[in-house]
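Single-structure report; data block below.
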2 protein chains.
Amino acid sequence: MALEHALLIALRERPSSGLELARRFERSIGFFWTATHQQIYRVLGRMDGDGWVTASEVPQAGRPTKKVYAVTPNGEQALATWLAAPVATAGLRSELALKLRGASFGDRDAVLDVVRSNLADHHLRLDHYEQLMKRDYPDPAALSGLDLDHYLVLRGGVLMEQTWITWLTEYLEAHT
Amino acid sequence: MALEHALLIALRERPSSGLELARRFERSIGFFWTATHQQIYRVLGRMDGDGWVTASEVPQAGRPTKKVYAVTPNGEQALATWLAAPVATAGLRSELALKLRGASFGDRDAVLDVVRSNLADHHLRLDHYEQLMKRDYPDPAALSGLDLDHYLVLRGGVLMEQTWITWLTEYLEAHT
DNA sequence: CACGGCATGTAACAAGTTACATGATTGG
DNA sequence: CCAATCATGTAACTTGTTACATGCCGTG
């Protein structure tokens, strides 16, 4: 499964505790993969058992001790293997698309309201992503390595949000 | 959950047996919601218990008898309620995006191959969707009701595939 | 000393996936 | 009669979600 490998990537970028990982998943990695802290703790435990990561207790001034996880050579190998493996092209799986399709079987105005609300959400996200773009990658042509990868994934986020906005706007216009 | 309501929509469009539903999910509805026959049978059973659908045995010439499900008034009500309910704006959840982000931690050429393979897949899908478009909706401006809804959802599929192609092509170009 | 934030977890449940089982009927 | 297709299902497992439990520490 993918959460293991998402965590391996996150930990190779920076060793972290469970809660720190959860917070990072709310931010950048969460654009395309989400996970709650409960799930993260469970998977970290399993990965520790499998020897993919090791934990070290880090005492903190004025805060409870945390367990910082780092990737082991075994984990590095598992990540490299997974990265090279082919991946099935995923579909959409959108509850909203389902409602668009079924709108005739309920109150169409209510569905239009749901669409408008989601459209507003996508506008917010797009704004957010574009601000990150401006702030963190003012000169994309100069990027390479990790930075380039992060930029290109964020770029995908921008493209996806723009597409949602186009789609939902067309939908609203078609139902004048 | 959403599979129940996906099935309600499918059954209101046309009463069907479990296997017929599974096949329809491989086709049009599957653009944005997938389900295997095992899952469909399980959920149909639950919905039958809840009084959302009723089954009637339909003998067939030269084939085993099938159970055709139809939506009850209770089910219609449940669908209408669900349609009007707000829906959380979903994120991407893409394993491929994960690999793009983590490419530095493995064999980058292997990741590029994975990307190329997925890109080819998205080209295929886009071609397929565009053929459906041409065949089934040659004159979108004339559509209304169910047909319009189906068209607009397919339109979303086209937009999404185009976006994937743009994104992955940019990615490949950036890693010359 | 109560409250809020940090930190780590458990338990119960819901949803989705994979592998397998069963029986009917037709065509070769 | 054997293989292929249609049709319906069970069982075991993996993932993901929701609700709850516990303890540390500094601030007011």
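Letters go in sequence order (proteins before strands), and every chain restarts at 1.
- For Trp33(A), counting side-chain heavy atoms from C-beta on, the closest listed nucleotide (dG16(D), dA7(C), dC6(D)) is dG16(D).
- Gln60(B) has its CD atom 11 Å from the P atom of dT25(C), to the nearest Å.
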- Message: Evaluate Thr166(A) against Glu170(A) for side chain to side chain donor-acceptor pair (under 3.5 Å), listing each step before the verdict.
- Response: CA-CA 6 Å; Thr166(A) 303; Glu170(A) 272 188 26; over 6 Å; no
- Task: Apply the test side-chain contact (heavy atoms from CB on, under 4.5 Å) to residues Lys66(B) and Leu19(B): give CA-CA distance (whole Å), side-chain angles for both, the deciding distance (0.1 Å), then the verdict.
- Result: CA-CA 9 Å; Lys66(B) 63 181 177 180; Leu19(B) 205 58; over 6 Å; no
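- One can place CD of Glu57(A) at 9 Å from P of dG9(C), the figure rounded to the nearest angstrom.
- Within the 4.5 Å cutoff, no side-chain heavy atoms of Phe25(A) are placed close to those of Thr34(A).
- The side chain of His37(A) has dT8(C) as its nearest neighbour among dC6(C), dT8(C), dG9(D).
- Results of the ring pair (Phe, Tyr, Trp, His ring centres under 6.0 Å) test with Tyr129(A) over Tyr151(A), Trp164(A), Phe32(A), Phe31(A) single out Phe31(A) as the only residue that passes.
- Comparing dT18(C), dT8(D), dC6(D) by their nearest atom to the side chain of Ser17(B) picks out dT8(D).
- Comparing dC6(D), dT18(D), dT8(C) against the side chain of Lys66(A) picks out dT8(C) as the nearest.
- Contact check for Leu11(A) versus Leu44(A): side-chain heavy atoms found under the 4.5 Å cut-off.
- For the pair Glu20(B) CD and dT5(D) C1', the interatomic distance rounds to 14 Å; values are reported in whole Å.
- With the end axes of the helix from dC1(C)-dG28(D) to dG28(C)-dC1(D) each set by five pairs, the angle from one to the other reads 0° at 10° resolution.
- Nearest nucleotide to the side chain of Leu3(B), out of dG16(C), dC6(D), dA7(C): dG16(C).
- What separates CG of Leu19(B) from C1' of dG23(C) is a distance of 14 Å, to the nearest Å.
- For the pair Arg93(A) and Trp33(B), the cation-pi test (distance below 6.0 Å, angle within 45°) is passed.
- Looking only at atom types and distance, the side chain of Glu173(B) has no donor-acceptor partner in the side chain of Thr169(B) under 3.5 Å away.
- DNA chain C is contacted by both Thr65(A) and Gln38(A); Thr65(A) maps to the nucleotide lying nearer its 5′ end (nearest heavy atom per residue).
- Taking the ring centroids of Trp52(B) and His5(B), they lie under the 6.0 Å cut-off.
- Between the P atom of dA15(C) and the CD atom of Gln39(A) lies a distance of 15 Å, rounded to the nearest Å.
- As rounded to whole Å, 10 Å separates atom P of dT15(D) from atom NE2 of His5(A).
- No more than 12 heavy atoms of other residues, nucleotides or ligands lie within 6.0 Å of CZ in Arg14(B), so this atom counts as exposed by the packing criterion.
- Looking at which nucleotide of DNA chain D each of Tyr69(B) and Pro64(B) is closest to, the 5′-most match is held by Pro64(B).
- No donor-acceptor distance shorter than 3.5 angstrom exists from the side chain of Arg46(B) to the backbone of Tyr41(B), with no hydrogens or angles considered.
- Using a 4.0 Å cut-off, some side-chain N or O of Arg63(A) falls inside it from OP1 or OP2 of dA7(C).
- One can place CG of Leu21(A) at 12 Å from P of dA7(C), the figure rounded to the nearest angstrom.
- Less than 4.0 Å separates DNA chain D from at least one heavy atom of each of the following residues of residues 42-53 of chain A: Arg42(A), Arg46(A).
- For Tyr41(B), counting side-chain heavy atoms from C-beta on, the closest listed nucleotide (dA7(C), dG9(D), dC6(D)) is dG9(D).
- Atoms CD1 (Ile40(A)) and P (dT17(D)) sit 11 Å apart, rounded to a whole Å.
- Lys99(B) places a side-chain N or O within 3.5 Å of a backbone atom of Trp82(A) that can act as its donor or acceptor partner.
- By the 30° and 60° cut-offs, the orientation of the rings of His175(A) relative to Tyr171(A) is tilted.
- Proximity of residues 77-93 of chain A to DNA chain C (heavy atom under 4.0 angstrom from any strand atom) is restricted to Arg93(A).
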